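Okay, so here's the structure we're looking at.
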There are 2 protein chains.
Amino acid sequence: MPSLTPTGRVILGMIALGKQTGYDIKQLVDKSTRHFWSASYGQIYPELRRLEEQGLVRGQSEPTGGRARTVYTLTPAGEAALSDWLEPAGEPPFEVRDEGMLRLFFSDFGTPEQRIGNLQAMRDSHRRVLTQLEALDEHEDAMPAGPHLTLELGLGLHRWFVEWCEETERRLVQEQRNDAD
Amino acid sequence: MPSLTPTGRVILGMIALGKQTGYDIKQLVDKSTRHFWSASYGQIYPELRRLEEQGLVRGQSEPTGGRARTVYTLTPAGEAALSDWLEPAGEPPFEVRDEGMLRLFFSDFGTPEQRIGNLQAMRDSHRRVLTQLEALDEHEDAMPAGPHLTLELGLGLHRWFVEWCEETERRLVQEQRNDAD
DNA sequence: AAATGCATGTAAGACGTTACATGATTTT
DNA sequence: AAAATCATGTAACGTCTTACATGCATTT
């Protein structure tokens, strides 16, 4: 049996959470896991069909009026696959792709102003994510423990990032002033 | 003129830093940017040729004894492209793919032990990265400001992660005890 | 003599986004 | 009547990893 693809993992979980259509799944991904795990329609719909072929989900046509609609549920095999995957296993893949950091890394080839500008751009982008996460945090009470944990983690992480950028910016500005003397 | 591909960006910068061969570039990527920007041989070698076609780098054959070796340098156009890209521009792409967090997110479908186990696995993986970064930090003095900044950022980030995991683990264990009463 | 490091490369496939297309339903 | 939302899907393209293959040079 072929193992779950990356997008397959999130889909299975989202169906377990009660999301029924590809559209629903995408909505929730954008709202809740986007900051550490994203997915696009171009992945979701084909993957749903693959999961069905593998017998992990079952889709039933349930139109809303004249609008086509396929509702998915987990099969017992799907529940088992989700359960298996939830078992802690070695180092879980962790990846970051941060172009702001890459610009910082090569910032010796630019001006001090560019370096600080890039730092500010990073700060702004983390602030923006933070604002979005803070909006979600207001329905905190209606949230299961798992989603709540990752929300807290995201909030803490981006707050830390913003602070680091601010602190570093102050330090660089200070150093620049000292050099001017 | 076609814009720089993701891998193209890091290659151009690495050549500017004095790395001459595909092999050298890969070594430095693994040592220094891996934690926020990775690249594989399968990308690097073809991309070097594309960059040459675009006139951004120039390759010259400089064998070491009987061993083939191609040494790359930036052309003026390549320097300009690097310089352009270094200019702060909007929100720099930032992506995280964290399977540990995804497991946490769905942890309501598992046992409390699994949740804690996954938290510990996350902690361990961040500790491992931390150890690697700390080893690099010892040659701190010989490091340009840019690379030094990103190293500090990586150290702080993974330290924060480890602490968050530890703190959360304590809290979860505590709650589990309370529930047992 | 063997192991490690230097050096280059490719083929296959997995993974992903973007942009486009379509049309019904609900809200304003 | 228009705009927003619900709902599904595909084609093209871009990107990336993995696994494999090759062979010289240097160190042990």
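In this text the structure is predicted, and so the values were computed from the model without any measurement. Residue numbers begin at 1 in each chain, while the letters A, B, ... track the order of the sequences.
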Is B/Ser38 close enough to D/dT17 that one of its side-chain N or O atoms is under 4.0 Å from OP1 or OP2 there? yes
Verify the contact: side-chain N or O of B/Arg67 to OP1 or OP2 of C/dG9, cut-off strictly under 4.0 Å; return yes or no. no
Please state how far atom CG in A/Leu4 lies from atom P in C/dC15, giving the value in whole angstrom units. 11 Å
Heavy-atom nearest nucleotide on DNA chain C for A/Gly65 versus A/Trp37: which residue maps closer to 5'? A/Trp37
Does C/dC15 have OP1 or OP2 under 4.0 Å away from a side-chain N or O of A/Thr5? no
Against the side chain of B/Pro46, the closest entry in C/dT10, D/dG9, C/dC15 is C/dT10
Verify the contact: side-chain N or O of A/Tyr41 to OP1 or OP2 of D/dG9, cut-off strictly under 4.0 Å; return yes or no. no
Phosphate contact (C/dC6 OP1 or OP2) by B/Tyr23 side-chain N/O below 4.0 Å: yes
Comparing A/Thr7 and B/Tyr72 on DNA chain C - which has the more 5′ nearest nucleotide: B/Tyr72
Should the pair B/Glu175-B/Arg171 be classified as a salt bridge under the 4.0 Å nitrogen-to-oxygen rule? yes
Basic-acidic side-chain contact under 4.0 Å: B/Arg123, B/Glu169: yes
Short side-chain N/O contact from B/Arg69 to OP1 or OP2 of D/dC24, under 4.0 Å: no
Do you see a donor-acceptor pair shorter than 3.5 Å between the side chains of A/Glu95 and B/Trp37? no
Looking at A/Thr70, does any N or O in its side chain come under 4.0 Å of the phosphate oxygens OP1/OP2 on D/dA7? no
Side chains of A/Glu113 and A/Gln176: is there a donor and an acceptor less than 3.5 Å apart? yes
D/dT15 OP1/OP2 closer than 4.0 Å to side-chain N/O of B/Gln43: no
Round to the nearest Å and state the distance from B/Tyr45 atom OH to C/dA11 atom C1'. 17 Å
A/Glu47 CD to D/dT8 C1': how many Å, rounded? 16 Å
Do the charged groups of B/Glu53 and B/Arg50 touch, with an N to O distance under 4.0 Å? no
Assign B/Ser40 to base, sugar-phosphate, or nothing according to its heavy-atom contacts below 4.0 angstrom with the strands shown. base
Taking only side-chain N and O atoms of A/Thr64, does any of them lie within less than 4.0 angstrom of OP1 or OP2 on C/dT25? no
B/Ile44 has an atom CD1; how far is it from atom P of D/dT15, in whole Å? 15 Å
Short side-chain N/O contact to C/dC15 OP1/OP2 from A/Arg9, under 4.0 Å: no
